[in-house]
Amino acid sequence: MVVVLFGVSLFVFAIMMIIPPGRRAAIYVTQEKITPDQMNAMIKKYGLDDPAPVQYVRWLKQILSGNFGYSVTASAPVIEGFKTYFPITLELVLYATPLIILVGIWLGTIGAVHKDKPLDHATRVFAIIGYSLPTFWLGLILLMIFYGYLGIFPPGYLSNKGKDILFSPAFKRYTYILTVDAVLNWRWNIFWDALYHLALPTINLILLNSALILRLMRSSMLEALGQDYIRTALAKGADKRTIYNIHARRNAMIPVITISGILFAGLLGGMVITETIFARDGIGLWMARAALQMDVPAIMFNVLFLGTVFVVFNLIVDVVYAYIDPRIRLA
Amino acid sequence: MNDTVVTEREKKEKIAVHPRLQEFLFSTRRFLKNPLTIIGLVIIILFALIAVFAPLIAPPQGSDPYRIPHTGWKMAPSPPSDLHPLGTLEQQYDIFYGVVWGTRLAFRIGVVVVFANLLIGIILGALAGYYGGITDEIIMRITDMFYAIPFLVAAMALVVAIGRGLKAVIIVLIILGWPTYTRVIRGEILVLREKDYILAARAGGASSLRIIFKHILPNSIYSVLIIASMNIGTVVLTAAALSFLGLGSETGYADWGQMVAMSRNWIVGPADNRLAYWYVVIIPGFVIAMFVLGWNLLGDAARDVFDPKMRRR
């Protein structure tokens, strides 16, 4: 894991090194106009034309001491920007992931149980469509129908009235996750307000991402249904529903868990598009803005962060996998 | 195990084309039996025709054919009319023209990127799988690194570093796309390397290069080609996403993602007709979806059919 993390840091550093020193120096520029001489002085001062390994060590030291630079788009140090934006992203991911997994497992089971029947084909079409639809397009259509036509589920993460309460001193921020804080503050109107804004992006993510789980669940369920112990149970005359739901599905879910970790981490990355469309002020939208305005510190920090999350998650999944599979656990 | 050895011997007797052709015809017949495949095939052929005959379908005006002509600067899009069969985007960019030339651009991006990815991926994968040891270790650790960062995020960062634009998007997709192929090819080779017929070839004095290109790659290439066909759709989708975010081509370019981006301001119509600008939102995205769907259907079916291990059950 440490090796991969080192690789991630190298990767991010390599990307940064592509940017010419002059433009990297822009990070340190404080006044608006700058002469070429001043620019060169700056490159010298911060060692931006030193050999790459020297710069890498210096950069790594900075990162490890928690200094990520200043983000123009957040108008704050990168770490402060992260603290502001991340909870909004995390909240959406926390709501969407379980729903995606549930929908995927449910539809995958339906597909496997009704193999080659119309219901199976229906789930298959759903999966292929989910794979093919551009995230940004589906989001726009959902907005057009629900927000534009029906006038419900507006973009953003909270209504203006809600924000007034949110930023008032009376509202205590415990976790910075809106729905949780709302409950802890006993502010149910904020809770519903936040959920109301979460609905569309969550639907968007479910439609697009459950296909992955669905396919895996279907094939893994089919394999489980072909096992001898299922035939035995059927022969004994056990209730079909019990067989499907308990005997087969439990075993079929093991591979799904492996992919769930990847899904969670992947969702964090896929947030860029979703948050841009639904105007949710999370790290995805922050990155999109940073990319347009050459806010290098913000982008590099987020790449580093998402890479780390991904690596750590895969490790967790491996451990969990070993724990829940008795064949590995007891071996 | 035994029959592979027989095939090798037959090959030396120069009738090797025969069973392979037979195999191909068998696969093709199976391939065309699936209705979903036919749909995919029709979609892709249709797109290919549009791309090839783009200059006839929508005659270019001006020096750069990929620049969508626009009549006037009026902000609000115009609905479909005789002049604009599919309506216009904001600033009166013709949607029909954009869709037609966007098809050509999509093929260009998809084919160039996937071809380059294949080339890099196969070479590195073959090296890693065949030689093993330190070569393998280095190449595979590099792919791990690529896998550890969400694709779109890495692509965004790289585009920003290189400098925005369509060319940057293509370069970035080439840089980031190869590890999938490397991994698959390496895996296949690790299995094949131990087979008896490879041992036989080596005992016969064949060089490493000859073994890789004559004996290993032809047997492991199918799975990679299937992934490649599905990836043409994915690559176009990612390019569109980058353009949507404003990192790809500039405004008014016949690029589907760019066209979707231009529709963002027109989700909600005027008070008397909320869905007035539906064509702006629906059409460009629908075209991307169909393009990707076509490739996915093809790849999906190809995986079931062309993989000898999966069929004939």
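Convention: sequence-line order gives letters A, B, ...; per-chain numbering from 1.
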Query raised in the report: Is there side-chain contact between A:Ile277 and B:Phe244, with heavy atoms separated by less than 4.5 Å?
Result: yes

Query raised in the report: What option among A:Ala291, A:Ala290, A:Ala14 has the most heavy-atom pairs under 4.5 Å with chain B?
Result: A:Ala291

Query - OH (A:Tyr149) with more than 12 external heavy atoms under 6.0 Å - result: no

Requested in this report: Can you measure from CD1 (B:Ile282) to CD1 (A:Ile141) and round to the nearest 0.5 angstrom?
Outcome: 4.0 Å

Query raised in the report: Would B:Val153 and A:Phe310 count as a side chain to side chain contact (heavy atoms under 4.5 Å, CB included) if you check the C-alpha gap in whole Å, the side-chain angles of each, and the deciding distance to 0.1 Å?
Result: CA-CA 12 Å; B:Val153 172; A:Phe310 196 79; over 6 Å; no

**Report entry** Side chain, backbone, both or neither of B:Ser263 within contact of chain A (heavy atoms, under 4.5 Å)
**Finding:** side chain

Query raised in the report: Most heavy-atom pairs under 4.5 angstrom with chain B, which of A:Gly307, A:Ala288, A:Gly284?
Result: A:Gly307

Report task. Name the option with the most non-hydrogen atom pairs under 4.5 Å to chain A; the candidates are B:Asp144, B:Leu237, B:Thr238. Result -> B:Leu237

Report task. With a 4.5 angstrom heavy-atom cut-off, could you sort out which part of A:Arg289 is near chain B: side chain, backbone, both or neither? Result -> neither

Report summary line: What one should report as the nearest heavy-atom pair of A:Gln293 and B:Arg164 is N-NH2, 4.5 Å

**Report entry** Under 4.5 Å from any heavy atom of chain B - which part of A:Val125
**Finding:** neither

**Report entry** Side chain proximity check, B:Arg274 to A:Leu150, heavy atoms < 4.5 angstrom
**Finding:** no

Query - Any B:Val160 side-chain heavy atom under 4.5 Å of A:Ile15 side chain - result: no

Query raised in the report: Is there a donor-acceptor pair under 3.5 Å between the side chain of A:Trp137 and the backbone N or O of B:Val281?
Result: yes

Query - Which atoms of A:Ile299 approach chain B - backbone, side chain, both or neither, heavy atom under 4.5 Å - result: side chain

Query raised in the report: Looking only at heavy atoms, which two atoms of B:Ala289 and A:Pro134 are closest? And how far apart?
Result: CB-CD, 3.8 Å

Query raised in the report: Taking A:Leu133, A:Val3, A:Thr276 one by one, which has the highest count of heavy-atom pairs under 4.5 Å against chain B?
Result: A:Thr276

Report summary line: Most heavy-atom pairs under 4.5 Å with chain B, out of A:Val303, A:Leu292, A:Asn314, belong to A:Leu292

Requested in this report: Give a yes or no on whether A:Tyr147 atom OH has more than 12 heavy-atom contacts from other residues, nucleotides or ligands under 6.0 Å away.
Outcome: no

Query raised in the report: Is the backbone N or O of A:Leu140 less than 3.5 Å from a side-chain atom of B:Arg264, with the two atoms forming a donor-acceptor pair by type?
Result: no

Requested in this report: First locate atom CG of A:Leu142, then atom CD1 of B:Ile267, and finally report the distance between them rounded to the nearest 0.5 Å.
Outcome: 10.5 Å

Report summary line: Looking only at heavy atoms, the pair that brings B:Met156 and A:Met287 closest together is CE-O, 3.6 Å

Requested in this report: Please look at B:Phe151 and chain A and tell me whether the side chain, the backbone, both or neither of the residue comes under 4.5 angstrom of a heavy atom of that chain.
Outcome: neither

Requested in this report: Measure B:Leu297 against the heavy atoms of chain A and call it side chain, backbone, both or neither at under 4.5 Å.
Outcome: side chain

Query raised in the report: Given the options B:Phe291, B:Trp295, B:Phe286, which has more heavy-atom pairs under 4.5 Å with chain A than any of the others?
Result: B:Phe286

Requested in this report: Please round to the nearest 0.5 Å and tell me the distance separating atom CD1 of B:Ile149 and atom CZ of A:Phe305.
Outcome: 13.5 Å

Query raised in the report: In terms of the angle between their ring planes, are B:Phe146 and A:Phe11 parallel, tilted or perpendicular, with boundaries placed at 30° and 60°?
Result: perpendicular

Report task. State the CG-CE distance between A:Leu5 and B:Met145, to the nearest 0.5 angstrom. Result -> 12.0 Å

Requested in this report: First locate atom CD1 of B:Ile162, then atom CD1 of A:Ile18, and finally report the distance between them rounded to the nearest 0.5 Å.
Outcome: 5.5 Å

Query - Within 6.0 angstrom of A:Gln227 CD, more than 12 heavy atoms from elsewhere - result: yes

